[in-house]
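Here's the structure we're looking at; comments come further down.
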Amino acid sequence: MHPEEIISAARGEVKADLVIKNAKIVNVFTGEISAGDVAVARERIAGIGIGYQGRETLDAEGKFLAPGFMDAHVHIESSMVSIPEYARAVIPRGTTAVVVDPHEIANVLGPAGVQYMLDSSRDLPLDVFVMVPSCVPATHLETSGAALSAADISSFFGKPGVLGLAEMMNF
């Protein structure tokens, strides 16, 4: 569906793919809760209001409807589970996206650890964004299994799922 088609669904000119009716919609920007319907077209929220028609309709029965939560800084490898298992734990609780700093796995495996995080986060219902560790090891006094050079770090920029440089930790 092109943007024009999503706009047509938003205007009610064509049926949305999904309409969630009778919801209490949580607006996280204003703090307001309003009653209404949500039209979804091609996995995008096309509109919020009353009277949308959809190919599929769900009745929220007055339940709250809120956007997914995003954890803006997490070290998933510290949870001691893989990214797919982490997703299984957090998705049902409302977290739909995470920004990970894979510093610990990079400390053990170097660039291969960061790449593992990228590879294992594909095709999950959790959106995983990676910040590339900036200093591995964090100090010359630390014993680590690997090190990241400037070339290692820069090789990740431009890859899908990579947002930028992670926290500066060197002492």
Side-chain angles (χ1 to χ4, degrees), residues 1-106 114-134 156-168:
M1 188 179 271
H2 291 88
E4 296 84 17
E5 293 175 281
I6 295 173
I7 292 169
S8 293
R11 290 181 179 148
E13 297 168 353
V14 299
K15 284 186 174 184
D17 296 326
L18 170 67
V19 174
I20 304 169
K21 293 192 169 288
N22 304 317
K24 290 180 185 171
I25 303 163
V26 178
N27 185 326
V28 296
F29 295 110
T30 67
E32 298 170 307
I33 298 173
S34 59
D37 306 336
V38 176
V40 179
R42 295 289 179 189
E43 300 181 0
R44 301 275 188 251
I45 295 174
I48 298 173
I50 303 289
Y52 283 107
Q53 298 297 314
R55 291 182 189 89
E56 182 182 353
T57 302
L58 295 176
D59 188 347
E61 300 175 348
K63 294 179 181 143
F64 290 94
L65 185 62
F69 299 113
M70 180 177 208
D71 188 333
H73 185 100
V74 63
H75 298 267
I76 288 180
E77 65 276 36
S78 294
S79 71
M80 303 301 285
V81 296
S82 66
I83 292 179
E85 284 301 312
Y86 186 85
R88 284 183 47 173
V90 300
I91 289 281
R93 289 158 181 82
T95 299
T96 59
V98 292
V99 179
V100 301
D101 176 352
H103 178 85
E104 286 83 3
I105 198 165
V114 178
Q115 188 61 52
Y116 165 78
M117 298 297 276
L118 286 166
D119 293 343
S120 65
S121 64
R122 289 193 192 117
D123 302 320
L124 295 176
L126 179 69
D127 291 326
V128 179
F129 303 99
V130 173
M131 300 296 280
V132 181
S134 59
F156 286 100
F157 294 121
K159 287 188 176 188
V162 175
L163 294 183
L165 192 63
E167 64 186 320
M168 185 57 111

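Heavy-atom basis, side chains included; hydrogens, waters and symmetry copies ignored.
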query = When you look at Arg42 and Asp17, which way does the side chain to side chain contact (heavy atoms under 4.5 Å, CB included) test go after all the steps?
reply = CA-CA 7 Å; Arg42 295 289 179 189; Asp17 296 326; 3.9 Å; yes
ask   = Hey, mind stepping through Val90 and Leu126 against side chain to side chain contact (heavy atoms under 4.5 Å, CB included) and telling me if it holds?
value = CA-CA 9 Å; Val90 300; Leu126 179 69; 4.1 Å; yes
query = Going through the checks in order, is the side chain to side chain contact (heavy atoms under 4.5 Å, CB included) test met by Met117 and Ile105?
reply = CA-CA 9 Å; Met117 298 297 276; Ile105 198 165; 3.8 Å; yes
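You'll find the side chain of Val98 reaches within 4.5 Å of the side chain of Tyr86, heavy atoms only. Using a 4.5 Å heavy-atom threshold, the side chains of Leu65 and Val26 count as separate. Residues Ile83 and Val128 are in side-chain contact: their nearest non-hydrogen atoms beyond the backbone lie under 4.5 Å apart. Ile76 has its side chain out of reach of Pro102: every pair of non-hydrogen atoms, C-beta onward, lies at least 4.5 Å apart. The shortest side-chain heavy-atom distance between Phe156 and Val130 does not fall under the 4.5 Å cut-off.
Heavy atoms only, all atoms of each residue included: Lys159 and Leu118 are closest at CD-CD1, 4.3 Å. Nearest heavy atom pair, residue Ser120 against residue Leu124, reads O-CD1, 3.6 Å. Shown here for Ala106 and Val114, the closest heavy-atom pair between the two residues is CB-CG2, 3.9 Å. Nearest approach of Ile50 to Gly36, heavy atoms of both residues: CD1-CA, 3.6 Å.
Each salt bridge (Lys or Arg N to Asp or Glu O under 4.0 Å) pair with one or both residues in residues 68-79, not counting sequence neighbours, would appear here, but there are none. Within the structure, ring-ring contact (aromatic ring centres under 6.0 Å, His included) pairs that include any residue of residues 9-68 do not occur (at least two apart or interchain). Residue pairs meeting the salt bridge (Lys or Arg N to Asp or Glu O under 4.0 Å) criterion with at least one partner in residues 19-36, sequence neighbours excluded, are Lys21-Asp37. Applying the side chain to side chain donor-acceptor pair (under 3.5 Å) rule to pairs touching residues 88-104 yields His75-Glu104, sequence neighbours excluded.
Ser134 contributes a side-chain N or O that, together with a main-chain N or O of Glu167, makes up a donor-acceptor pair within less than 3.5 Å.
In this structure, CD on Glu13 lies 14.0 Å from CD on Gln53, to the nearest 0.5 angstrom. Interatomic distance, Tyr116 OH to Ser82 OG, rounded to the nearest 0.5 Å: 5.0 Å. Rounded to the nearest 0.5 angstrom, Ile48 CD1 and Ile25 CD1 are separated by 5.0 Å. Distance check, rounded to the nearest 0.5 Å: CZ of Arg11 to CD1 of Ile6 gives 12.5 Å.
Qualifying side-chain contact (heavy atoms from CB on, under 4.5 Å) partners for Asn22, counting only residues two or more places apart in sequence or in other chains: Asp59. Among residues two or more places apart in sequence or in another chain, the side-chain contact (heavy atoms from CB on, under 4.5 Å) test is passed with Leu18 by Ile20, Val40, Glu56, Leu58.
Environment of CZ in Phe157: crowded, with over 12 heavy atoms of neighbouring residues, nucleotides or ligands closer than 6.0 Å. More than 12 heavy atoms of other shown residues, nucleotides or ligands fall within 6.0 angstrom of atom CG in Leu163.
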